[in-house]
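Reviewing the structure listed below.
A quick note: this is a predicted structure, and the numbers were derived from the prediction, not measured. Note: hydrogens, waters and symmetry copies are ignored here, and every other heavy atom, side chains too, is used.
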Amino acid sequence: MSKRVVIVGGVAGGASAAARLRRLDEDAEIIILERDQYISYANCGLPYYIGNVIEDRSDLLVQTSEAMQRRFKVDVRVLNEATEICPEQREVIVRDLNDDNVYRQPYDVLILSPGADPVKPPIPGIDSDRVFTVRNIPDADRIDQFIDGLQPEKAVVVGGGFIGLEMAENLKHRGLEVSLVEMLDQVMPALDREMAAIVHHHLRENGIELHFGDAVTGFEEGRQDITVELESRTRLDADFAILAIGVKPNAHLAKEAGLEIGPTGGIWVDDRLRTSDPHIYAIGDAIEVKDFVSGEPALIPLAGPANKQGRIAADNIAGRCSKYRGTQGTSILKVFDLTVAATGASSERLLSEDRTFHTSVTHSQSHAGYYPAAESLAVKLLFDDDGQLLGAQVVGYDGVDKRIDVLAAALRHGKTVFDLQELELAYAPPFSSGKDPVNMAGYVAGNILNGDMKVITWRKMLDMDPDEAFIVDVRSPGEFESGSIEGAVNIPVDELRGRIDELPKGEMILVYCQVGIRGYYAARILMQNGYEVRNLSGGLRTLQFARDDLHQVR
């Protein structure tokens, strides 16, 4: 007897589950209930449609209802909203929004893929027609029509996550003046501060006005504008505002049906994506997942994991044993012509979990330096005492995507920083170097663990009393004159052996160069001559980005 599988919600998870299930079971009756007009669309592409980067609206439609019905024999019911689940009867109560008719839909197996809703805190004026969210195609249509119709000049974006940054960029592309407000002291909480500082610098270079450490307390709508009021009493005048402060799991149906909700507020599922009711599965942004690094419950709303979860749920419904092993949060973002990517844990998260860990920061060229247009690539690794990779972050202008993908794969499969040294990665001058930036990051991290080099981070360097150590700038005299750390003595690395007597014995020596390589050479020379040495991790470039950014935020 064939199964009747009802799927609540389409887009990434629900549509993937339906297509996979049909490939495995030609006889199953598959019904998708979607409350919106579109069954499967590229919600990650919405900011680029608003920015006119994606010009044809139809390009956002990954799969239409008609195409899905033809190819996969799926009963797709758009504008049909599931309003209640009756687990004992194995029925879903559905409201057909086309005619307001209510009906009961039986199921043998139910898949919940309701997604997540934008966070809208109860602050004055948040329901103004000039305050928008960006979650689906109708949202994007409203913003696009508002810009086309009223020709606004100023916008405020609230939130410095993925959507907030993408909207800031794309509104700038539309010719607007853009201010970005973030309650934290940085954008992208998945990034460590020194990496986020590079992003802040780039946003400012592209004309985005940044307001950090400030929360919105209200929106005051005028006749033809809106004022965004901040906790600091700052008032930002604009024509409209975009609310992008995050999403929350759409778990109310599950909760009202008595299904278990996890401590994060997402729907609890086991490793086969079954809820506390064995006849109900749940996938996508609505569920609580296991954080791949910590093993703790987490909310990580990303399209890639949602697609995989749809496939895994379908496997299990079709009788195969397939497990979801957690989400590591691999993400990538375009910020104008800068690319920002991360995977695994950040320093802040590891500190909050009281984990012991080490970090390394390297600045490599995206490809061979002698080949034209090589760009700097900042790579940060986080790893434990055994070298086990816990997280990675990459920021740069070229080649970021392939490096983060290598690092994400290494983390997923339990590799260490020593394994990164051994990876044989594709090399030709236009694409990489003989030692790829991933290899180089592994070498530096391995040097730290092996004791070949001790490092000091930019933050400890800034907080340190100048009398605690003797600071040596090992760059060239010209570089030294262009800017240096206060109190530093300039001894170029190539002169160090001949001038080693100028360094005090029995005192901590801190060495630095522009990105850390010459500092490493200097550290090896001095360590083998009996000196206690620390090399500035990531060099002066990392410290300057972080220091200058801190000054601007404060």
Notebook entry, point to check: Is any NZ, NE, NH1 or NH2 atom of the basic residue among Lys120 and Asp127 found under 4.0 Å from an Asp or Glu carboxylate oxygen of the other?
Noted result: yes
Margin query: So that I can tick it off, tell me whether Glu169 and Lys334 are bridged by a salt bridge, with the cut-off set at under 4.0 angstrom between side-chain N and carboxylate O.
Written below: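 Yes.
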Note to self: Under 6.0 Å between ring centres: does that hold for Phe545 and His202?
What the structure shows: no
Check: Would Asn98 and Asp96 count as a side chain to side chain donor-acceptor pair (under 3.5 Å) if you check the C-alpha gap in whole Å, the side-chain angles of each, and the deciding distance to 0.1 Å?
Finding: CA-CA 5 Å; Asn98 295 288; Asp96 186 336; 2.8 Å; yes
Between [atom1] of [X] and [atom2] of [Y], what distance do you get to the nearest 0.5 Å?
| X | Y | atom1 | atom2 | value |
| --- | --- | --- | --- | --- |
| Ser113 | Glu34 | OG | CD | 8.5 Å |
| Glu26 | Ser2 | CD | OG | 11.0 Å |
| Ile208 | Lys172 | CD1 | NZ | 5.5 Å |
| Arg57 | Leu46 | CZ | CG | 10.0 Å |

Next item on the list: For salt bridge (charged side-chain N to carboxylate O under 4.0 Å, His left out), just list the numbers for Asp192 and Lys380, CA-CA rounded to whole Å, side-chain angles, deciding distance to a tenth of an Å, and then say yes or no.
Entry: CA-CA 9 Å; Asp192 287 340; Lys380 181 167 186 178; 2.8 Å; yes
Check: Quick one: is the NZ or CZ of Arg412 closer than 6.0 Å to the six-membered ring centre of Phe292, and within 45° of its axis?
Finding: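 Because its charged atom sits under 6.0 Å from the ring centre and within 45° of the axis, Arg412 does stack over Phe292.
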Notebook entry, point to check: Backbone N or O of Arg272 within a donor-acceptor pair of the Asn316 side chain at under 3.5 Å?
Noted result: yes
Checklist line | Polar side-chain atom of Arg70 near backbone of Ser65 as donor-acceptor pair, under 3.5 Å | finding: no
Item checked: Shortest non-hydrogen contact from Ile32 toward Gly14 ->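 Heavy atoms of Ile32 and Gly14 come nearest at CD1-O, 4.4 Å.
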Next item on the list: List the atom of Leu150, the atom of Arg130, and the distance in Å for their closest heavy-atom pair.
Entry: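 Of all heavy-atom pairs spanning Leu150 and Arg130, the closest is CD1-NH2, 4.3 Å.
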Next item on the list: Indicate whether any N or O donor in one side chain lies under 3.5 Å from an N or O acceptor in the other, for Thr217 and Glu231.
Entry: no
Margin query: Can you tell me how the ring of His200 sits relative to the ring of Phe212, calling it parallel under 30°, perpendicular over 60° and tilted otherwise?
Written below: tilted
